[in-house]
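What's counted below: heavy atoms across the whole structure, side chains too, no hydrogens, waters or symmetry copies. Everything numeric in this text was worked out from a predicted model, so none of it was measured. Starting from 1, each residue takes its place in the sequence as its number.
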Amino acid sequence: MRGVEGAGSAGRGGPGPETLEMPSAPGTAGLYLRAVLPKSGGGRGGPVPARRLVLRDVAADPGRLRRYAGICGFADTSRLPVTYPHLVAFPLAMSLMTRRDFPLPLLGLVHIANRIDRHRPVEAGERLTYRVWAGDLRPHPKGTAFDVTAEADDGARTVWRSVSTYLRRGRGAAGAGPRAGAHLGGTASGGALPDGVGDLGGPVLEERWEVPGSAGRAYAAVSGDRNPIHLHPLTARLFGFPRAIAHGMWTKARCLAALEERLPDACRVEVSFRAPVPLPSAVRFRATGPAASSGTGVLWDFRLRGDGDAGREHLRGEVSLPD
């Protein structure tokens, strides 16, 4: 029998994580309201609760899928873009992070990295079960980091998996080397690609994009991610940003849309978010494929920078094959 969130029908099964079956995806507007209210009895440190949220039998809404594809630049809507399942998992992640017993406040968290493993293409009408949980709370040189993991399965196997790394800025731990659940070329990245990652000596794809001031509001409308830093300069200034900034997952999706026809059916796409993209702005995308004899296992190395010779690096990523 399917439990209802908060009704006490989903309990702990022995030493494993608590599993809560969600009857539907929670509304993100209410979750943001919860995020701005002071937490009572929680949110003051401690471990990340061992809890998983489950949402079953979900298919993409055709209209939302078309809007998402248009905003991010994907051409094919017969299959889910590699980043699309993140939209389904996002409200579940927010629900986890806004609960009273979650040790860190949602507002102020910085999304510093994301890794997606797509094990096969997902057709637009497929119905999937999503599972989302948080964990691996750890010291970071710039504060405290943790991961949010989301999986989607077709009833037989996992077809899509994402690990997002978030940072709560604060006093860095002495000697805390970056470590996360992501590895590039066998080297632990700690949620950020190593500085040595660069051109692979193969084919090059370059594009210049004008990102309008409305990009954050457009992505918020389709994704439900209405963090005030993305919506308007006035709300962004409340959090220390002189202008609104683009969503990190929009920048990742836009880069992958440029590589859409070059991605293998099964792939791993890992990015580190290096600096915000202010809105509006002009950016340059550059992707390099491997030379035939590179032997690195990396299929594409890509970057997003501000326009101009000294443009700030906003995003750095790699496409490879999943484990």
Side-chain angles (χ1 to χ4, degrees), residues 25 27-28 55 57-94 111 114-128 130 150-152 154 159-162 164 205-227 230-231 244-271 273 277 279-287 299-300 302 304 314-315 317 319:
T28 56
L55 184 63
D57 197 31
V58 180
D61 175 82
R64 187 187 192 194
L65 176 57
R66 286 193 298 271
R67 293 194 302 274
Y68 177 82
I71 289 167
C72 299
F74 291 100
D76 182 9
T77 56
S78 66
R79 293 175 168 179
L80 298 188
V82 64
T83 48
Y84 186 86
H86 178 83
L87 268 64
V88 182
F90 177 71
L92 304 183
M94 278 198 64
H111 194 184
N114 174 264
R115 184 187 74 224
I116 290 175
D117 289 336
R118 181 176 70 181
H119 296 286
R120 67 162 176 83
V122 177
E123 299 300 318
E126 283 193 61
R127 309 193 77 86
L128 303 175
Y130 288 80
E151 288 184 347
D154 61 4
V159 297
W160 181 93
R161 188 174 194 267
S162 167
S164 287
L205 175 66
E206 292 184 297
E207 296 182 6
R208 182 182 183 275
W209 306 327
E210 293 281 351
V211 186
S214 60
R217 294 187 293 275
Y219 187 82
V222 74
S223 70
D225 185 352
R226 295 181 175 86
N227 190 318
H230 304 303
L231 303 181
I245 62 173
H247 295 73
M249 288 303 295
W250 177 84
T251 63
K252 179 173 184 174
R254 184 65 187 89
C255 291
L256 294 179
L259 292 170
E260 182 176 16
E261 296 181 355
R262 298 167 175 84
L263 295 178
D265 285 350
C267 60
R268 167 173 290 180
V269 186
E270 186 166 5
V271 302
F273 302 113
V277 176
L279 299 174
S281 64
V283 294
R284 288 193 177 274
F285 168 77
R286 176 185 172 92
L299 304 178
W300 289 92
F302 59 94
L304 188 68
H314 299 299
L315 176 148
V319 179

For Arg284, give me all partners under side-chain hydrogen bond (donor to acceptor under 3.5 Å, both in side chains), at least two apart in sequence or on another chain. Asp307
Parallel under 30°, tilted from 30 to 60°, perpendicular over 60°: which one fits the rings of Tyr68 and Tyr84? perpendicular
Determine the minimum heavy-atom distance between Pro280 and Pro212, stating which atoms define it. CB-C, 3.9 Å
Is His119 reaching over with its side chain to a backbone N or O of Ala266, donor-acceptor style, under 3.5 angstrom? no
For residues Phe302 and Val269, determine if any side-chain heavy atom of one lies less than 4.5 Å from a side-chain heavy atom of the other. yes
Does the side chain of Val283 reach to within under 4.5 Å of the side chain of Arg254, using non-hydrogen atoms? no
So do Leu87 and Tyr219 actually touch side chain to side chain, heavy atoms under 4.5 Å? yes
If every non-hydrogen atom of Phe74 is compared with every non-hydrogen atom of Glu260, which pair is closest and at what distance? CA-OE1, 3.6 Å
Please check this pair: side chain of Trp160 against backbone of Val82, looking for a donor-acceptor N/O pair closer than 3.5 Å. yes
Nearest 0.5 Å please: distance from the CZ atom of Arg67 over to the OG atom of Ser223. 11.0 Å
Salt bridge (charged side-chain N to carboxylate O under 4.0 Å, His left out) partners of residues 118-127, not counting sequence neighbours, each pair once: Asp57-Arg127, Arg79-Glu123, Arg120-Glu126, Arg120-Asp154
Do Leu315 and Phe285 have side chains that get closer than 4.5 Å, going by heavy atoms? no
Can you name the nearest heavy-atom pair linking Ala257 to Cys72, along with the distance? CB-O, 3.3 Å
Closer than 3.5 angstrom, by distance alone: can the side chain of Glu207 be matched with the main-chain N or O of Ala258 as a donor-acceptor pair? no
Of Leu263, Leu65, Asp76, the residue whose pairing with Pro81 passes side chain to side chain contact (heavy atoms under 4.5 Å, CB included): Leu65
In Å and rounded to the nearest 0.5 Å, what is the OG to CZ distance from Ser162 to Phe90? 12.0 Å
To the nearest 0.5 angstrom, please state how far the CG atom of Leu205 sits from the SG atom of Cys255. 10.5 Å
Heavy atoms of other groups near Arg66 CZ, more than 12 under 6.0 Å: no
Can any side-chain N or O of His247 pair as donor or acceptor with the backbone N or O of Asp225 at less than 3.5 Å? yes
If you define the side chain from C-beta out and look only at heavy atoms, does anything of Pro264 sit under 4.5 Å from Leu299? yes
Looking at every heavy atom in both Tyr130 and Ala152, which two are closest together, and how far apart are they? CE2-CB, 3.7 Å
Salt-bridge criterion met for Glu210 and Arg208 (N-O under 4.0 Å): yes
Can you give me the closest heavy-atom contact between Ala287 and Leu259, atom names plus distance? CB-CD2, 3.9 Å
Trp250 side, atom CH2; Ile71 side, atom CD1 - distance, nearest 0.5 Å: 10.0 Å
Among Glu270, Lys252, His86, side chain to side chain donor-acceptor pair (under 3.5 Å) partner for Asn114: Lys252
For the CD atom on Glu261, are there more than 12 heavy atoms of other groups (residues, nucleotides or ligands in this structure) within a distance under 6.0 Å? no
Check Ala253 against Thr83 and note the closest heavy-atom contact, atom names and distance. CB-OG1, 3.5 Å
